[in-house]
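Written out below as structure tokens is the structure these notes cover.
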Number of protein chains: 2
Amino acid sequence: MATARGYHHGDLRAALIRAAADAVEAGGPDAVSLRELAQSLGVSTAAPYRHFADRTALLNEVAALGFADLNAAYARAQAGAATPQAAMRETARAYLNLAFGRPGLFRLMFASDLVGAADAPASLLVPAGEAWESLFRAVAALDPAADLATVKRRAITGWSTLHGFITLVQGGRLKGFMTEPLTEAELLDAILDKTLNEA
Amino acid sequence: MATARGYHHGDLRAALIRAAADAVEAGGPDAVSLRELAQSLGVSTAAPYRHFADRTALLNEVAALGFADLNAAYARAQAGAATPQAAMRETARAYLNLAFGRPGLFRLMFASDLVGAADAPASLLVPAGEAWESLFRAVAALDPAADLATVKRRAITGWSTLHGFITLVQGGRLKGFMTEPLTEAELLDAILDKTLNEA
DNA sequence: GTTGCAATGTAAGTGTCGCTTACATGGAGA
DNA sequence: TCTCCATGTAAGCGACACTTACATTGCAAC
């Protein structure tokens with residue numbers, strides 16, 4: 001991989017994914033331009049289409065890598081926890097870390113239509129589904145006696161609270177409301193407590 | 001207004017806002033093309049720029065009308081309720097009605113960057129701020145003894161849960177998870193109960 | 001009424017975008 | 001060594017947001 005760049009690039013596919021991930025992080029999903037990526041990598045504007053059917057296919061790949069990262073973080077969180085409660089808390093923190101640590105990637109994964117698209121490829125749906133199942137298992141472990149519907153309700157409600165908070169904060173909706181007597185960290189703790197204490 | 005369309009349109013500005021609102025509802029914020037709107041209204045592609053500085057300015061106007069509608073619905077909900085609990089419940093339902101009844105508009109108002117933008121105009125920020133304050137008042141009325149930070153925390157947490165649930169459902173993230181032993185209606189009730197019962 | 005002007009329209013053009021088509025190159029296997 | 005095919009390029013299409021220079025017209029002052 002990566003020759004001194006003659007006619008052939010060497011590993012254009014991987015380079016495109018890397019560059020696209022950088023662009024997503026810098027300016028969100030809409031900031032990814034195939035022409036721009038191609039130019040920055042020193043290839044023609046048509047070259048990316050040898051590796052990806054269209055812009056969406058490239059973004060799908062970036063999002064899939066994001067879900068792979070998230071799943072790995074979930075696994076670490078749950079493996080290193082002493083109790084189901086600690087595992088749940090660390091799982092939620094992993095989600096928050098991704099959201100606030102790599103907001104561009106998070107938006108691509110959760111705020112775009114990629115996963116919800118009717119023609120979403122398995123390479124994206126599978127890791128996205130694994131993330132949900134991992135979260136579900138963490139909730140189920142909190143209360144082994146709970147039936148399926150209860151666990152689902154708890155998982156969906158908790159996920160909704162976390163996700164909604166992230167979305168509102170990143171959309172700038174809470175500016176000026178979290179400052180005075182209430183910090184973001186306090187809110188996060190309150191939300192985590194609430195998510196945990198409902199079991 | 002609205003002559004038989006000679007050289008001048010009559011009320012192009014209002015027609016553009018209406019057409020843009022329809023387009024937003026049909027395909028989301030990204031589906032609005034100024035060229036397309038202009039063509040459908042029978043004017044040149046440059047005409048819209050006599051009334052809106054750019055595409056974002058037009059979308060801001062549509063979103064502002066959406067917030068005006070939401071505020072009116074909030075006011076109705078709170079005026080017609082016998083107790084603070086009922087008022088809160090109806091307020092939340094008004095939010096849900098907008099989200100699921102007019103999802104395209106909802107996405108424009110809450111999932112786009114318009115309100116969060118650094119250069120968002122007052123014509124948008126004012127009604128958006130009113131919506132938040134209306135929600136805040138409804139939460140505060142549930143428990144007059146609660147201090148400011150507590151009310152804020154409850155309002156933000158409850159809003160987050162509602163908003164996150166809507167976002168996840170509309171993003172297709174819960175497909176196949178809400179079907180079997182758990183319907184969407186049950187979940188909504190559970191979420192409303194949870195939002196109410198924390199006071 | 002006539003006239004002047006500002007509001008509101010148009011035609012044409014710029015630069016960017018995603019994507020396609022036809023052709024060029026060269027590395028890997030027979 | 002030769003050939004094939006993956007991978008690259010050049011050129012172009014249509015759509016997009018937006019700009020500029022010019023055309024039309026309703027309205028208000030006279």
Side-chain angles (χ1 to χ4, degrees), chain A residues 1-24 26-63 108 112-114 117 119-121, chain B residues 1-24 26-63 108 112-114 117 119-121:
Chain A
M1 55 191 98
T3 71
R5 188 71 232 300
Y7 186 93
H8 288 97
H9 178 278
D11 199 358
L12 181 55
R13 181 186 165 86
L16 280 167
I17 293 176
R18 233 178 301 120
D22 290 347
V24 163
D30 293 346
V32 176
S33 150
L34 287 195
R35 298 178 87 98
E36 207 173 315
L37 294 185
Q39 194 174 6
S40 79
L41 294 174
V43 297
S44 75
T45 63
Y49 293 92
R50 292 291 167 196
H51 300 277
F52 301 97
D54 52 27
R55 203 184 89 106
T56 299
L58 171 56
L59 292 180
N60 273 333
E61 215 65 30
V62 174
L108 177 69
S112 71
D113 284 337
L114 293 182
D119 58 347
Chain B
M1 57 192 95
T3 72
R5 186 76 231 300
Y7 187 92
H8 287 99
H9 177 279
D11 198 358
L12 181 57
R13 181 186 163 86
L16 280 168
I17 293 176
R18 234 179 299 120
D22 289 347
V24 162
D30 293 346
V32 176
S33 151
L34 288 195
R35 299 177 85 94
E36 208 173 316
L37 294 184
Q39 194 174 7
S40 79
L41 294 175
V43 298
S44 75
T45 63
Y49 293 93
R50 290 292 167 196
H51 300 276
F52 301 97
D54 51 25
R55 203 185 89 107
T56 298
L58 172 56
L59 292 181
N60 272 333
E61 216 64 30
V62 174
L108 177 69
S112 71
D113 283 338
L114 293 182
D119 58 348

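Predicted model only: the values in this text are computed from it and were never measured. Below, read A as the first sequence line, B as the second, and so on, with proteins coming before strands; counting in each chain starts at 1.
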Presence of B:H51 side-chain N/O under 4.0 Å of C:dA7 phosphate oxygens OP1/OP2:
no
Expressed as a whole number of angstroms, how long is the span from A:L41:CG to D:dT7:C1'?
15 Å
Annotated protein contacts, base or backbone, on nucleotides 14-23 of chain D with a non-hydrogen cut-off under 4.0 Å, one of B, S, - each
--BBBB-BBB
Atom pair OG (A:S44) and CZ (A:R35), whose distance is rounded to the nearest 0.5 Å:
10.0 Å
Rounded to the nearest 0.5 Å, what's the gap from CG on A:L34 to CD on A:Q39? Could you check?
13.0 Å
Can you check side-chain contact (heavy atoms from CB on, under 4.5 Å) on A:R50 and A:L12, steps first, answer last?
CA-CA 9 Å; A:R50 292 291 167 196; A:L12 181 55; over 6 Å; no
Set out, in order, the CA-CA distance, both residues' side-chain angles and the distance that settles side-chain contact (heavy atoms from CB on, under 4.5 Å) for B:E61 and B:R13, then state yes or no.
CA-CA 10 Å; B:E61 216 64 30; B:R13 181 186 163 86; 3.4 Å; yes
For A:D30 and C:dC17, what is the distance between atoms CG and C1' respectively, to the nearest whole Å?
13 Å
I need the CG-P distance between A:D11 and C:dG27, as an integer number of Å.
16 Å
How long is the line joining CD of A:Q39 and C1' of C:dG18, in whole Å?
15 Å
Going through the distances and angles, do A:L108 and A:V32 end up as a side-chain contact (heavy atoms from CB on, under 4.5 Å)?
CA-CA 11 Å; A:L108 177 69; A:V32 176; over 6 Å; no
For side-chain contact (heavy atoms from CB on, under 4.5 Å), just list the numbers for B:F52 and B:I17, CA-CA rounded to whole Å, side-chain angles, deciding distance to a tenth of an Å, and then say yes or no.
CA-CA 10 Å; B:F52 301 97; B:I17 293 176; 3.7 Å; yes
